[in-house]
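Have a look at the structure below, then the notes.
Predicted model only: the values in this text are computed from it and were never measured.
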Amino acid sequence: MAAVPSSIVTRNMADFAEQTGNMYMSVAVISKRANQISVKLKEELNSKLAEFATTVDNLEEVFENREQIEISKYYERLPKPTNLAIEEFLEGKVYVRKPDEETQEDINL
């Protein structure tokens with residue numbers, strides 16, 4: 001029997017609906033959070049790789065490329081943004097704001 005990759009996890013869909021009352025809203029929130037994490041990680045990676053941007057070709061560049069490769073490998077080994085967002089959501093670390101309900105409450109006051 002083949003080993004199951006660690007990125008594949010069976011989830012109880014009721015856990016997703018618990019926080020928002022709607023599974024689809026929960027998935028939308030997780031998706032938005034995953035996009036935020038992805039953008040943040042991409043900005044970090046690009047800023048670190050920008051240090052290696054040079055127009056000079058010399059022997060030192062070979063050693064710098066090794067450092068650049070190590071940085072890239074580090075970011076490749078990080079958990080996927082979707083997995084991070086799911087964990088944050090299920091642990092209650094993501095604030096969910098429902099603007100429609102806030103507006104409705106303001107009207108009723």
Original post:
Who pairs with Arg11 by salt bridge (charged side-chain N to carboxylate O under 4.0 Å, His left out), at least two apart in sequence or on another chain?
Top reply: Glu87

Original post:
What's the spacing between Ile30 CD1 and Leu84 CG if we round to 0.5 Å?
Top reply: 12.0 Å

Pairing residues for [X] by the side chain to side chain donor-acceptor pair (under 3.5 Å) criterion, not counting sequence neighbours:
X: Glu88; result: Arg33
X: Lys73; result: none
X: Ser31; result: none

What side-chain donor-acceptor pairs closer than 3.5 Å can you find for residues 37-49, not counting sequence neighbours?
from, atom 1, to, atom 2, distance (Å)
Glu44, OE1, Tyr75, OH, 3.2
Asn46, ND2, Lys42, O, 3.3
Ser47, OG, Glu43, O, 3.4
Ser47, OG, Glu44, O, 2.8
Lys48, NZ, Tyr75, OH, 3.4

Residues 22-29, side-chain donor-acceptor partners within the protein, below 3.5 Å, at least two apart:
from, atom 1, to, atom 2, distance (Å)
Asn22, OD1, Tyr24, N, 2.8
Asn22, OD1, Met25, N, 3.4
Ser26, OG, Phe16, O, 2.4
Ser26, OG, Thr20, OG1, 2.6
Ser26, OG, Asn22, O, 3.2

